[in-house]
Structure formats: C-alpha cells, structure tokens
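Structure, as structure tokens:
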Amino acid sequence: MRRGLHLIIYIASVLVWPMLCTGCGEEASSSAKECFRTLRVERQDITLKRDFAAKIESEQNIYIRPQVSGRLMKIYVQEGAHVKKGQPLFVIDQAPYIAAVDAAKARVSTARAALAAAQLNLEGKEKLHGQKMVGESDLQRARHTAEEARAQVETAEAELATARTELGYTTISSPVDGVIGMVKHRVGDLVDPNGEPYLTLAADNSHIRAYGVLSEEALSELLRDFGSSSFDELLGKLPAVSLYTNWGEKLSVEGHIDAISPIVESQIGATYIRASFFNPAELFRNGSNGYLELPYVMHGVIVIPQEAVVDIHDKYLVFRVVDGKAVETEVTVMPYDDGQTFVVTGGLEPGDVIIAEGAGFVTDGMEVAEINNEKGGEPS
C-alpha cells in the first residue's frame, strides 16, 4: 500500500511541476505565459582571443652537410644530445687531405727555391747592365723570370691554404649551441657535399619562431580592429601573444608577432605571420605544432550570451522583450568569439531586454514572463 502511495505522489509531482513553471510560480491559468531568463544589455569591456594554428621552428635551425667528400670515420655525439658551438661532431677520412697538404707544402718549397734563384740572377743582370756588359733585353728577361717565379710561389701558397682548409673541413663541428637531430649516416658511409641526405640537423631551441596562417579576411579585420593602415603600423599595435601546445599546455613566456608576410600563398589563399618566443625549458622543439593566441580588448561593446542567439543559415536572431511579448530581432555579431558570448555590432541598443536562455524555444509574438532581469552579458 505504501509503494502505491509513493507512486501516486510521484505522478502528481510530475504533473504539477510544469504547471508551476509555466505559471512562473503562480497558479496556472488559461492566460499563462512562458517563463524565460532575460537580461538588460549594457555596454561593457571584453577581451576576445583569436587562435592561429602555428608551426614551430628554431631560430637557428641548421642542416649539417659535409664540405668535402670521403668516408665517415668517427661520430662523436649521440642523437638528441645537447652540444656547444664548435664541438666536434664527425670526422671524415683525413688521410688524402693530409697528403694533399704535404704535396702543397712541397710545391711551395720548390716555388720559393725557384724564386730565390731568379732573384739572384736578376741582381746579377742588374749589376752587369750597370757596367754595360749585358743589354737591356737580357735584363728584361731576368725580370720576367723573377716575376714568374714570384707568381708561382703565390699560386703554391694558395694551393697550400686550400689544402689546409679542406683538411679542416674533415672535422665537422656544431655551428651553434643546441640539440643534435637524428644522424642520417653511419661510420664507414661515403659522404659528399652534393649528396643526400644531410648528416644531421643542429637546432637552438632556446629561441623559437611560430609561423601562423592568416587568411586575407582575418588580416583585413586585424588592420581594421587595430586602426592600422599598414603592416608596420599593425605590428606596432599588436599586443603580446601566447603560444600553446596542441594539448593545451602554455609556454610560460609571452612573445610578439614581429613579421607579416606581404605575399599571399596561392596554394592556401593566405599569408603567414611570425611570432618569436624565448623557450627556456624547451617545451617546443623545431618541427613542433601548436597555436598562437592573440588577445584583443574591446571597450564599450554590447555582449550577449550565445544561448540568447538563434543561428539560421548565418542569420543571427535574438528575441527582445517588448510589452511582455517576444520580438524577433536580427543582429550582427563579431566574426570571432570566446565560445560563450557574442559581441553585437548591430541590432541592439543599451537598455534592450532580451531572452537570455532558450531562445530556440521562442517564437515571434509569444507572450513571455521574466524570471530575472539582469544587466550586462551574464544572466543570473
């Protein structure tokens, strides 16, 4: 008997609750009005944030290739290791380059000996010419021989310098402080300056650049919103930006957009922006993906909750409450938002009262009663 009583009470509560809601807490009648939360719109300040997908590159991102050919004899570093600028990474077989240096030294010695002999001959000819014992033609031949010998010395010395430089190239050192990528070769491989692939990559991840894609429309909006007539002026007005990983972890240091490409890439129909960041903990590495967040503070605008808006084929409708009835009103909103509210750019005036929640259940001309009438953009 008690179970039956509980069931009757439950059914009665289900039937009575909608009637109470429909009557806004009063007894239902034939002229009952629908109850909706409302708000009185006012101007206020709001910070919107725009997100741009970004590709991360190290500020110094260097592909390491050999400058001379030969067998790879030594690999001094582990893949992924931190290295210092000037630290040896690889050694190419030095034997042929040492031999080339020795041969160049011998040619220098030979050329210098020939120059010394030519110089002595010239001095002798000059004395004899002074004594009128040789003619002018003999003196000129001696001078030409000495000049030619001097040129041979210069050529030999240049060849020696080249041989020493190429010998130096057999030891490949890190060009930056940074991190070494994966090594593409192994000891014993034949490497060549024109060969593929490169040996490895050295990247300094302490300073990074984030490249974001910006559509022509978005760029036009930025120029307008920040009151700029040129890219240079816009760069001077843009606020600091934040960088996030794709899983939402934020880089602890803010950065700045410091470049906007003047070229629209035909393949994507957009341009690129570049933001630079200090990356002390190396949260991002060369090749990472993430997104940039650009804040934009708007002052004295009308802000309404998205629950108050009905979107029908890119036509945004709200319902104003006028003399107890819902009046369908088309509004224009900013093309970007914070996911919870819209910034209204047309269709509403401060002081208007609108349905704040459940706008999709309202029809034009419906009689409505207000549960709350709050000011601003957040109904209670």
Side-chain angles (χ1 to χ4, degrees), residues 45-63 77-83 176-184 197-198 200-219 221-222 225-226 234-235 238-261 264-265 267-298 303 305-307 309 311 333-343 377-378:
D45 296 344
I46 187 174
T47 299
L48 297 179
K49 296 178 179 179
R50 300 186 185 186
D51 293 342
F52 306 98
K55 182 74 173 180
I56 312 302
E57 290 187 7
S58 302
E59 192 169 288
Q60 289 187 298
N61 178 34
I62 302 171
Y63 291 91
V77 293
Q78 296 291 329
E79 296 171 322
H82 283 80
V83 295
V176 294
D177 293 342
V179 181
I180 291 298
M182 306 307 287
V183 177
K184 305 295 184 180
Y198 51 89
T200 189
L201 183 146
D204 177 8
N205 291 317
S206 63
H207 292 83
I208 57 174
R209 291 172 172 172
Y211 292 86
V213 177
L214 193 66
S215 69
E216 292 184 84
E217 181 182 6
L219 180 57
E221 290 170 358
L222 285 178
D225 294 343
F226 285 91
L234 177 61
L235 289 173
L238 289 175
V241 294
S242 299
L243 181 62
Y244 290 82
T245 64
N246 281 339
W247 56 92
E249 189 172 354
K250 182 181 179 181
L251 183 64
S252 60
V253 183
E254 290 185 328
H256 288 85
I257 296 175
D258 51 19
I260 300 175
S261 173
V264 176
E265 301 291 337
Q267 293 181 345
I268 60 175
T271 190
Y272 288 100
I273 57 173
R274 187 190 72 196
S276 298
F277 295 85
F278 178 49
N279 184 36
E282 296 190 3
L283 175 62
F284 291 89
R285 291 197 166 197
N286 185 71
S288 296
N289 292 298
Y291 63 91
L292 292 166
E293 185 180 80
L294 172 66
Y296 175 42
V297 179
M298 302 188 70
V303 181
Q306 293 188 1
E307 292 179 311
V309 179
D311 181 0
V333 301
M334 293 288 290
Y336 49 93
D337 56 75
D338 61 4
Q340 296 180 340
T341 61
F342 284 126
V343 175
E378 293 294 337

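Sequence positions, counted from 1, serve as the residue numbers for this chain.
F277 and H207 have their aromatic ring centers separated by at least 6.0 angstrom.
Within the 4.5 Å cutoff, no side-chain heavy atoms of V253 are placed close to those of N279. At least one side-chain heavy atom of L243 sits less than 4.5 Å from a side-chain heavy atom of L292. Within the 4.5 Å cutoff, the side chain of S215 has no heavy atoms near those of the F52 side chain. Using a 4.5 Å cut-off on side-chain heavy atoms (C-beta onward), K250 and E293 make no contact. Between L251 and S242 the shortest side-chain heavy-atom distance does not fall below 4.5 Å. Taking 4.5 Å as the limit, every side-chain heavy atom of V303 sits out of range of all side-chain heavy atoms of F342. Residues V343 and D337 have side chains not in contact (no heavy-atom distance under 4.5 Å, counting atoms from C-beta outward). Side-chain contact between L234 and L219 is present, with at least one heavy-atom pair separated by less than 4.5 Å.
Applying the salt bridge (charged side-chain N to carboxylate O under 4.0 Å, His left out) test to R274 and every residue at least two apart in sequence or in another chain returns D258. Annotation: side chain to side chain donor-acceptor pair (under 3.5 Å) contacts of D225 (sequence neighbours excluded): R50, Y336. In terms of the side chain to side chain contact (heavy atoms under 4.5 Å, CB included) criterion, residue partners of D338 (sequence neighbours excluded) are, by chain and number, I46, L48, Q340, T341. In this structure, E217 has no salt bridge (charged side-chain N to carboxylate O under 4.0 Å, His left out) partners at least two apart in sequence or on a different chain. In this structure, E265 has no salt bridge (charged side-chain N to carboxylate O under 4.0 Å, His left out) partners at least two apart in sequence or on a different chain. Partners of E254 by salt bridge (charged side-chain N to carboxylate O under 4.0 Å, His left out), not counting sequence neighbours: none found.
Here the side chain of T200 pairs a donor or acceptor atom with the backbone of G181 at under 3.5 angstrom. No donor-acceptor distance shorter than 3.5 angstrom exists from the side chain of E57 to the backbone of R209, with no hydrogens or angles considered. Judged purely by atom type and a 3.5 angstrom limit, N246 has no side-chain atom pairing as donor or acceptor with the backbone of Y291. With hydrogens and angles ignored, the 3.5 Å screen pairs no side-chain donor or acceptor of K55 with any backbone N or O of A210. Here the side chain of S261 pairs no donor or acceptor atom with the backbone of T271 at under 3.5 angstrom.
Taking all atoms of both residues into account, the shortest heavy-atom contact from V241 to A275 is CG2-CB, 4.0 Å. Shown here for P335 and E221, the closest heavy-atom pair between the two residues is CG-OE2, 3.3 Å.
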Practice item. Dump the intermediate steps for side-chain contact (heavy atoms from CB on, under 4.5 Å) on F284 and N205, then the final yes or no. Key: CA-CA 7 Å; F284 291 89; N205 291 317; over 6 Å; no
Practice item. Give the C-alpha distance, both sets of side-chain angles, the deciding distance and a yes or no for side-chain contact (heavy atoms from CB on, under 4.5 Å) between V309 and V333. Key: CA-CA 10 Å; V309 179; V333 301; 5.6 Å; no
Exercise for review: Determine, step by step, whether L214 and Y272 satisfy the side-chain contact (heavy atoms from CB on, under 4.5 Å) criterion, reporting the C-alpha distance in whole Å, the side-chain angles of both residues, the deciding distance to 0.1 Å, and the verdict.
Suggested key: CA-CA 6 Å; L214 193 66; Y272 288 100; over 6 Å; no
**Study point:** Full working for side-chain contact (heavy atoms from CB on, under 4.5 Å) between L222 and I260
**Key:** CA-CA 12 Å; L222 285 178; I260 300 175; over 6 Å; no
